[in-house]
Amino acid sequence: MENQCTPGPSVAVEMTPRREFNPNSYYHVIMRGNNRQPIFKTKEDMFELKRTLLHVHADYPFTVLAYCFMNNHYHLLLKPLRDPLDKIMQRINKRYSISYSKRYGHVGQIYQKRYFAKEVDSRLGLLTVSSYIHRNPIETKRPMVERLEQYPYSSFPLYWDDALPAPPFLDRKFLQELLPEPFDRTNTAYCTYCLSYRQQVDEDPHAEKFNL
């Protein structure tokens with residue numbers, strides 16, 4: 001596959017004015033490190049964040065369509081299945097924060113503020129946001145990898161090769177069914193979609209204060 005980086009469709013994703021739980025919607029969730037600091041600095045940190053998701057998922061089930069862990073923030077496209085989003089995110093962030101503090105002897109909060117979330121309730125919105133999340137490693141000022149499938153801390157490689165085992169919270173079937181013509185409804189076609197368009201989505205209005 002070739003990364004064309006051509007302009008593609010963008011969508012303004014609506015959000016609920018308050019943190020109201022809509023059990024029928026996915027949410028684009030972003031959590032950032034305090035004072036622009038990297039809080040996912042090593043592969044061990046990345047593994048611990050993934051293990052945290054697995055642990056919380058076991059008690060507070062949710063579905064994820066896309067995820068990407070960067071050095072100072074992470075993205076999830078997540079749908080709560082039973083419990084409010086606030087409760088899920090509180091468990092994820094508390095567990096990782098405790099683990100991080102123990103590993104590094106850190107005192108104080110590690111996150112900039114509460115997580116940022118937008119409700120995504122359309123087919124195009126889900127495709128756009130998921131692609132935006134997956135493209136993070138090549139949209140930095142200095143791309144972190146040459147090819148997206150080489151970045152091990154996102155769900156993109158699991159779509160690229162859907163024979164690979166995936167965490168139980170990741171649904172790799174849903175997005176392919178949303179692809180418009182002329183795309184086939186396969187994960188290979190979904191990866192082509194991600195690589196073909198540079199997406200734009202609404203983010204935290206204070207995002208410019210951080211290293212993205």
Indicate the atoms forming the closest heavy-atom contact of [X] with [Y], along with that distance.
X    : Y    : answer
S25  : K79  : O-CG, 3.4 Å
I110 : S97  : CD1-CA, 3.7 Å
C68  : I133 : CB-O, 3.5 Å
L54  : P167 : CD2-CB, 3.9 Å
I88  : P80  : CD1-CB, 3.7 Å
N136 : M70  : O-CE, 3.7 Å

If we ignore hydrogens and angles and just use 3.5 Å, is the side chain of [X] paired with the main-chain N or O of [Y] as donor and acceptor?
X    : Y    : value
R172 : L158 : yes
Y151 : F69  : yes
Y111 : N93  : yes
Q37  : N34  : no

Answer whether the closest heavy-atom distance between the side chains of [X] and [Y] falls below 4.5 Å.
X    : Y    : result
P38  : D45  : no
L179 : D184 : no
Y115 : L85  : yes
F183 : T188 : no
F174 : L126 : yes
K50  : Y67  : yes
R103 : E44  : no
F116 : H73  : no

For this session: Would you list the pairs meeting salt bridge (Lys or Arg N to Asp or Glu O under 4.0 Å) in which at least one residue belongs to residues 187-196, sequence neighbours left out?
Result: none
For this session: State whether Y104 and K41 meet the cation-pi test: NZ (Lys) or CZ (Arg) under 6.0 Å from the six-membered ring centroid, and within 45° of the perpendicular axis.
Result: yes
Would you please classify the geometry between the [Y] ring and the [X] ring as parallel, tilted or perpendicular, with 30° and 60° separating the classes?
X    : Y    : result
F40  : Y96  : tilted
Y190 : Y159 : tilted
H75  : H28  : parallel

From [atom1] ([X]) to [atom2] ([Y]), nearest 0.5 Å:
X    : Y    : atom1 : atom2 : result
R185 : E177 : CZ    : CD    : 5.5 Å
N71  : M144 : CG    : CE    : 5.5 Å
E149 : S154 : CD    : OG    : 10.0 Å
R51  : L49  : CZ    : CG    : 11.5 Å
L77  : H134 : CG    : NE2   : 9.0 Å
T52  : K94  : OG1   : NZ    : 13.0 Å

Exercise. What do the steps show when you test R114 against D86 for side chain to side chain contact (heavy atoms under 4.5 Å, CB included), and what is the final call?
Worked result: CA-CA 10 Å; R114 290 188 71 191; D86 272 352; 3.0 Å; yes
Cluster link [X] to [Y], ILVMFWY, side chain under 4.5 Å:
X    : Y    : answer
I98  : I92  : no
Y74  : F47  : no
Y132 : V145 : yes

For this session: Dump the intermediate steps for side-chain hydrogen bond (donor to acceptor under 3.5 Å, both in side chains) on Y26 and S130, then the final yes or no.
Result: CA-CA 11 Å; Y26 286 86; S130 66; over 6 Å; no
Exercise. Does the side chain of R135 pick up a donor-acceptor pair with the side chain of S131 at under 3.5 Å?
Worked result: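 S131 and R135 do not have a side-chain donor-acceptor pair below 3.5 Å.
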Exercise. Strictly under 6.0 Å, is that where the ring centroids of F62 and F169 end up?
Worked result: yes
